[in-house]
Amino acid sequence: MSRSLRKADAKSLIDSTDTEERVFGQTELPVLSSLQDECSLLGASGFAGSGRHAGKPAPGLLEHGVACANIYSFSEETVSRPYDFQSIESKWQERWAAARAFEVTEDSARAKFYCLEMLPYPSGKIHMGHVRNYSIGDVVARFKRMRGFNVLHPIGWDALGLPAENAALKHGAHPEEWTRSNISHMKRQLQRMGFSYAWDREIASCDPAYYRWNQWFFIQMFKKGIAYRKKAAVNWCPSCQTVLANEQVEGGRCWRCGSEVSQRDLEQWFLRTTQYAEELLSDMALLGQWPERVLTMQRNWIGRSEGAEIDFPVEGEDPIRVFTTRVDTIFGATFLLLAPGHPRAKAYADRSPELARFMEEVTREAKDPATVEKKGMATGCYAVNPFTQQPVPIWVADYVLMEYGTGAVMAVPAHDERDFDFARKYELPIRVVVQPSDATLSEDSIEAAYVDYGTLVDSGPFTGLPSQEAISAMARYAEEQGFGKKTITYRLRDWGISRQRYWGTPIPMIHCGACGIVPVPEEELPVVLPKAIQITGQGESPLAAMPEFVNVACPQCGGAGRRETDTMDTFVDSSWYFYRYTDPKNDTAAVSASAVGYWFPIDLYIGGIEHAILHLIYSRFWTKVMRDLGLVAISEPVTQLLSQGMVLKDGAVMSKSTGNVVEPDEVVERYGADTLRLYVLFEAPPEKEIDWTDQRLEGPARFLQRVWRLVDAEATQVKAAGLIDGEEDWNEAEASLRRKTHQTILRVTRDIEERFHMNTAISAIMELTNEVYRSLEPRPERPEAWRAVGEAVEAIVLLISPFTPHAAEEMWEILGQRGGLNRVEWPSYDPAMAVQEIVTLVLQVNGRVRSRIAIPADLEEGEVRRLALDDEKVRSLTLGRTVERVVVVPKRLVNVVVTE
RNA sequence: GCCGGGGUGGCGGAAUGGCAGACGCGGGGGACUUAAAAUCCCCUGAGGCAACCCCUCGUGCGGGUUCGAGUCCCGCCCCCGGCACCA
């Protein structure tokens with residue numbers, strides 16, 4: 001039977017219900033008029049036809065979701081009303097909005113908490129990844145509020161970028177219209193999820209009032225030499241018809257469309273991220289609360305290597321400088337390799353049409369290192385190995401990268417796999433100069449490069465040294481002799497930010513024939529994107545085709561100038577947006593010192609692992625630049641990072657093309673936002689991925705209704721019993737329930753606060769709920785019992801409120817509370833309450849569990865030991881054997897160690 | 001190849017070195033019902049046993065430390081992620 005309200009109580013409760021206060025005005029009438037006839041109840045609820053037998057369910061959703069969410073709990077004795085999530089959720093969303101419940105101001109008297117989730121791109125509608133990301137953040141924000149923090153929990157829109165232009169091409173909509181309408185739709189969706197955002201701080205990067213500051217930052221960086229222009233081989237996506245940053249190329253393909261990327265030479269704007277490479281690396285020491293995998297990815301990406309630069313003299317020319325991490329192998333350097341893009345290689349190519357053809361060919365080819373054979377061509381020129389004084393031939397090879405090191409390498413075939421392959425193919429000499437400890441290599445017998453450290457041989461005065469020692473000794477020698485030095489090289493490249501696109505921040509620069517490149521005067525910012533535009537999706541920026549945009553007077557000389565028509569990479573927008581939230585309407589500065597000083601650093605930043613590198617390195621870089629500009633006092637923007645796992649369906653990323661998308665709206669429609677939130681939070685800990693399963697929605701849905709029924713049905717009894725006054729004489733059952741309540745408060749608090757494991761927090765609340773149900777069977781008589789139940793029920797409602805805020809607010813009200821949960825304190829844990837007086841002691845013999853006994857928790861050790869040895873089971877197993885020792889773990893177990 | 005993270009029931013997942021599998025899904029049984037749905041209760045790692053008294057095995061594999069190991073150490077295997085002609 002249902003452990004709900006007695007029928008009489010139900011009647012009186014419903015009769016007394018103020019329909020204005022309760023949200024059930026619509027559905028409760030049938031309840032009253034037809035308590036005797038459930039069928040008509042179901043009919044009246046309007047959902048009976050949508051159940052299991054109603055024909056085909058909507059794809060991807062549980063078939064009887066609505067029906068089961070609206071079924072009336074019913075029995076001879078008791079009744080509770082349906083959990084009508086639709087009206088509950090809209091009621092509370094309206095209230096929160098009207099009360100501006102989540103807006104905050106700086107308050108130096110209160111501890112702040114800045115809870116941030118990665119801002120969405122307004123692609124059209126939210127997806128499950130958003131739901132998960134923002135649900136996690138919302139739990140933390142609501143929890144921290146109840147813990148007394150002044151919580152900043154903002155949201156905005158990463159609103160510039162390619163898809164808006166693609167939409168313009170496809171549907172003819174203006175990028176701005178498309179973006180704005182997406183924003184307003186997605187905003188409604190977010191509100192429907194009940195996320196507790198400070199909507200008054202909402203920003204959109206496509207607002208000139210926002211991107212104006214991108215332009216301002218750019219000019220400051222230009223003045224400091226951080227923003228600079230250079231002609232460079234850039235990645236060109238033939239499909240998107242635009243330049244891509246290195247970071248936007250994945251395995252030689254465009255990160256967006258997957259087309260093969262080719263190379264082009266263009267004048268581009270760059271930000272000198274490499275200037276901060278060392279600091280980006282060393283400051284990771286400050287990121288102790290970042291996931292290890294993210295730090296690892298960034299470390300790999302920055303790619304620091306220590307080595308040496310060595311000059312190889314060339315007769316009649318400048319020496320060629322190489323970078324090597326293995327200068328200890330230099331006596332084995334039998335040839336020199338230049339990247340096809342190396343200036344010296346180009347000079348040689350001018351003299352040799354054959355070489356020129358070769359270089360052009362290998363530059364054009366997209367190469368896959370795993371499969372493609374290395375190619376090279378001799379230049380016919382020679383350099384001198386400065387250690388051996390031997391001449392070495394200079395070759396051009398396709399596997400040498402211009403962008404890394406110096407673009408030239410010394411080739412040591414005996415000790416580098418790639419050089420070994422190359423030497424074998426082109427029959428170049430191989431010289432062994434490092435010997436392993438367990439074998440002796442020779443030129444004739446060597447089968448593969450030996451790349452590990454060893455002992456130097458045939459290396460002049462360095463012979464006999466171990467590699468490690470030789471590396472520093474030889475670098476020192478080169479430095480003394482003036483043909484080399486120790487150096488550090490990074491894989492990180494400067495950040496190319498020019499895009500030949502319309503829907504981005506115009507780069508605020510003017511090209512003047514007389515003055516060169518001149519920044520737009522700051523008082524003229526923003527340079528606004530013109531509205532009347534033709535998007536063709538090809539060639540140069542669409543802005544270049546607008547004379548009224550391009551033609552402008554030079555701010556310096558007043559002569560005819562041309563405006564820069566490239567726009568900025570959208571990663572610029574997201575590199576500093578979180579600062580803007582602290583002072584979003586400031587029209588005199590990007591940020592204000594007081595607001596940033598109060599709110600920063602971000603205490604918790606939550607987002608997808610896909611942003612582990614790009615966004616998070618750029619953001620760190622930007623913060624360091626802002627610090628050097630005197631805008632902020634910190635070096636790192638984010639104290640703790642939480643990388644949440646993806647939401648998959650059938651093991652694959654949800655995508656339109658795969659057809660495995662589950663729409664949040666549809667789930668909200670059928671189950672309510674609270675249940676959806678509960679599902680994504682309960683399914684797994686946040687950092688793991690989850691595979692969406694319709695079936696599993698049932699658990700959270702049932703649980704929430706179970707809590708609902710409990711609260712709704714027992715509210716009258718609980719209220720009548722009154723509050724705990726400390727005078728009660730608890731019996732064991734009551735004390736046990738109270739113990740469970742306080743243990744649960746502790747568990748839930750820790751799970752949220754310390755590790756964000758929402759799944760175990762929820763399961764703890766489930767346990768307490770189950771416990772309360774059990775305590776109502778049989779229905780208790782004592783008022784004390786009802787007070788204990790009341791305490792538990794109240795705790796459940798408060799503990800669950802960050803997860804299912806709408807239902808919690810409603811239940812809080814049903815329990816007779818007013819004023820909303822926003823200002824209610826998180827339940828406090830009473831350590832004395834949670835202490836167990838009687839504990840179960842596990843008895844082991846030789847490490848195997850053999851028995852259990854109940855003992856008082858404070859029993860002294862000698863007594864515990866005696867009771868354990870006295871246990872019948874233990875005695876039977878120790879009979880005739882020698883007790884070697886007895887291990888007593890207080891309140892837990894006793895292990896009796898015996899031998900034959 | 002280098003670096004990082006993981007391998008626990010039919011499934012998602014729990015376990016400060018101390019009862020492996022909490023909680024939930026699925027499955028089975030029962031109560032209620034004319035019936036179904038919903039709800040409530042019980043059972044649900046594998047094997048053994050006449051026995052729901054128990055016993056054995058069990059956290060990828062092999063060793064080790066320990067009274068006691070999913071957890072710590074050593075050596076492997078596999079999976080996932082990042083980087084990758086980076087000299």
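Note on naming: letters A, B, ... go to the chains in the order of the sequence lines (proteins, then strands), and numbering restarts at 1 for each one. For clarity, every value in this text was computed on a predicted model and none was experimentally measured.
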Query raised in the report: Counting just side-chain N and O atoms, does A:N770 come under 4.0 Å of either OP1 or OP2 of B:G24?
Result: yes
Query - Nearest-0.5 Å distance, CE of residue A:M284 to CD of residue A:E292 - result: 10.0 Å
Query - Watson-Crick or G-U wobble mate for B:U16, both contacts under 3.5 Å - result: none
Requested in this report: Indicate whether OP1 or OP2 belonging to B:A15 is found under 4.0 Å from a side-chain N or O atom of A:R755.
Outcome: yes
Query raised in the report: Touch check for A:K873, heavy atoms < 4.0 angstrom, all strands: base, sugar-phosphate only, or nothing?
Result: sugar-phosphate
Query raised in the report: Any side-chain N or O of A:R848 under 4.0 Å from OP1/OP2 of B:G68?
Result: no
Query raised in the report: Expressed in angstrom and rounded to an integer, what is the separation of A:L710 atom CG from B:U39 atom P?
Result: 15 Å
Query raised in the report: Where the side chain of A:Y399 is defined as all heavy atoms beyond and including C-beta, which of B:G82, B:C86, B:C85 is the nearest nucleotide?
Result: B:C85
Query - B:G4 - base-pair partner by Watson-Crick or wobble geometry, distances under 3.5 Å - result: B:C80
Query raised in the report: Is the shortest heavy-atom distance from the side chain of A:I855 to the side chain of A:V839 under 4.5 Å?
Result: yes
Query - Listed nucleotide nearest any side-chain atom of A:T840, set B:C23, B:C19, B:C83 - result: B:C19
**Report entry** B:G13 phosphate, OP1 or OP2, under 4.0 Å from A:K688 side-chain N/O
**Finding:** yes
Report summary line: Taking B:C23, B:C40, B:C83 as options, the one with an atom nearest any side-chain atom of A:E767 is B:C23
Query raised in the report: Between A:I609 (CD1) and B:C3 (P), how many Å, whole number?
Result: 19 Å
Query raised in the report: Side-chain contact, heavy-atom cut-off 4.5 Å: A:L877 with A:N846?
Result: no
Requested in this report: Hey, can you tell me if A:H415 and A:Y450 have their rings parallel, tilted or perpendicular (30° and 60° cut-offs)?
Outcome: perpendicular
Query - Closest listed nucleotide, where the reference is the side chain of A:N895 and the choices are B:G81, B:G18, B:C19 - result: B:G18
Report summary line: Among the nucleotides B:G26, B:C23, B:G4, whichever has the atom closest to the side chain of A:E698 is B:G26
Query raised in the report: Per the atom types in the model, does the base of B:C11 pair as donor or acceptor with the side chain of A:R696 at under 3.5 Å?
Result: yes
Report task. Step through the shown structure and confirm whether more than 12 heavy atoms of other residues, nucleotides or ligands are within 6.0 Å of CD on A:E306. Result -> no
Query raised in the report: Taking N and O atoms by type only, does the side chain of A:R885 place a donor or acceptor under 3.5 Å from a partner on the base of B:C67?
Result: no
Report summary line: When rounded to whole Å, the CG to P distance for the pair A:L704 and B:C25 reads 13 Å
Report task. Give the rounded distance in Å between these two atoms: CD of A:Q298 and P of B:G81. Result -> 20 Å
Report task. Taking only the side-chain nitrogens and oxygens of A:R706, find out if one of them lies under 4.0 Å from OP1 or OP2 of B:C40. Result -> yes
**Report entry** Nucleotide B:A84, atom P - distance to CZ of A:R418 in whole Å
**Finding:** 14 Å
Requested in this report: Would you indicate whether the side-chain heavy atoms of A:M297 and A:I609 approach each other to under 4.5 Å?
Outcome: yes
**Report entry** Donor-acceptor pair (no angle test) under 3.5 Å: A:R493 side chain, B:C86 base
**Finding:** yes
Query raised in the report: Atom CZ of A:R293 and atom P of B:C79: how far apart are they, to the nearest Å?
Result: 19 Å
Query raised in the report: Can a donor-acceptor pair under 3.5 Å be found between the side-chain atoms of A:R326 and the base atoms of B:A87?
Result: no
Query raised in the report: Rounded to whole angstroms, how far apart are CG on A:D452 and P on B:G1?
Result: 13 Å
**Report entry** Phosphate-side-chain proximity, A:N759 and B:A14, N/O vs OP1/OP2 below 4.0 Å
**Finding:** yes
Query raised in the report: Starting at CG of A:L648 and ending at C1' of B:G81, how long is that distance when rounded to a whole Å?
Result: 13 Å
